[in-house]
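Only one structure is covered here, and it is reproduced in the block below.
First listed ligand is number 1; within each ligand, the first listed atom is number 1. Because the structure is predicted, anything quoted here is derived from the model rather than measured.
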Amino acid sequence: MPARLSLNAISKHYGPESQQVTALNEVSLSLEEGEFLAIQGPSGSGKSTLLNICGLIDHPSSGDYHLNGIAVAQLNEQQRCTHRRQMIGFIFQRHQLIPAMTVYENIAYPLLLNNISAKNTRYEVEQILTTLDLMQRRKHLPRQLSGGERQRVGIARALIKRPQLVIADEPSASLDHQHTHTGLQLMRELNQAFGASFLIASHDPFVIDHCDRRISLLDGRMDDRA
Ligand SMILES: Nc1ncnc2c1ncn2[C@@H]1O[C@H](COP(=O)(O)OP(=O)(O)O)[C@@H](O)[C@H]1O
Ligand SMILES: [Mg+2]
């Protein structure tokens, strides 16, 4: 089942009251089931903050967020964690791989957490390793990889469990054109085969053009001129 998001007047402030930074200022948006949405905007405009809130990694300061009709504010930490694990694949800008795990183990980990058998895990992981050109790197540790390889492992780890919602924070930042193309193709396959919804922050025109719709952020607000 694909995911549906609805954000209503979401704001996020960081820091103590005397020196508060407003990262998001009453942002409202909806993501339909199976939609591929790009979020563009200059550095510091609030893209990562928005994605972290949508991905249940961070809490908004105010506003309502519904995920598949569920009021996220009502969930306790345990429920948030379960939703994150089962529904959401998050591609981090800085990949956030587990340093002590090999490439294979990093990618297999989400399947392990979701109780997939070792045999199926092996099949799935080897398939995505091949697609993303990582087979030769499967026994390496993250620190032994190039930036682009780490980014591809991050993409594989997010997509491997076929989540209903994929959130990607500048997924092509350290990728060359060919691997960006492959990554987007994999995302589209997941979108078409399972109807997964996508929320992608990027300022790469190639990525943005690939999306169905785009919204722009400027200083934490939706920029309607774009
Ligand atoms: N943890 C934090 N503490 C304080 N300020 C933050 C924090 N994270 C982000 N900010 C500030 O919030 C604003 C939006 O940041 P961010 O969401 O990272 O934007 P983007 O991803 O578009 O570059 C920036 O002014 C940034 O400095
Ligand atoms: Mg960012």
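- In summary, of the residues considered (L159, I88, I200), a side chain to side chain contact (heavy atoms under 4.5 Å, CB included) with V166 occurs for L159 alone.
- Scanning the protein for heavy atoms near atom 14 (C) of ligand 1, the closest one is G44 O, 3.4 Å.
- Between R162 and E124 there is a salt bridge, since a side-chain N of the basic residue sits under 4.0 Å from a carboxylate O of the acidic one.
- Taking each of K47, Q19, H203 in turn, the one with a heavy atom nearest to atom 22 (O) of ligand 1 proves to be K47.
- Put simply, the side chain of R84 reaches to within 4.5 Å of the side chain of I57, judged on heavy atoms.
- Protein heavy atoms are found less than 4.0 angstrom from atom 10 (N) of ligand 1.
- Those atoms of ligand 1 that come under 4.0 Å of a heavy atom in P42, given as number and element, are 22 (O).
- Each of V103, L97, I91 was scored for a side chain to side chain contact (heavy atoms under 4.5 Å, CB included) with R157, with one residue passing: L97.
- The Mg ion (ligand 2) has no N, O or S atom of S43 inside 2.8 Å of it.
- Side chains of Q164 and N68: a donor on one and an acceptor on the other come within 3.5 Å.
- The nearest heavy-atom contact from the protein to atom 18 (O) of ligand 1 is S48 CB, 3.7 Å.
- For atom 26 (C) of ligand 1, no protein non-hydrogen atom is found at a distance below 4.0 Å.
- With hydrogens and angles left out, the side-chain atoms of E105 and Y109 include no donor and acceptor closer than 3.5 Å.
- Taking a 4.0 Å cut-off on heavy atoms, S43 registers as neighbouring ligand 1.
- Of all protein heavy atoms, the one lying nearest to atom 19 (O) of ligand 1 is G46 N, 3.1 Å.
- Under the 4.0 angstrom criterion for non-hydrogen atoms, G41 is not in contact with ligand 1.
- Atom 2 (C) of ligand 1 has Y14 CD2, 3.5 Å as its closest protein atom, hydrogens excluded (heavy atom only).
- Considering both main-chain and side-chain atoms, A23 never comes within under 3.5 Å of ligand 1 through any nitrogen or oxygen pair.
- With respect to K12 and D58, a salt bridge is recorded, a charged nitrogen being found less than 4.0 Å from a carboxylate O.
- With hydrogens left out, the protein atom closest to atom 16 (P) of ligand 1 is T49 OG1, 3.7 Å, a heavy atom.
- For R188 and F36, the positive end sits near the middle of the six-membered ring, less than 6.0 Å away and at most 45° from its axis.
- For the 3.5 Å distance criterion, the side chains of Q40 and S216 qualify, holding a donor opposite an acceptor.
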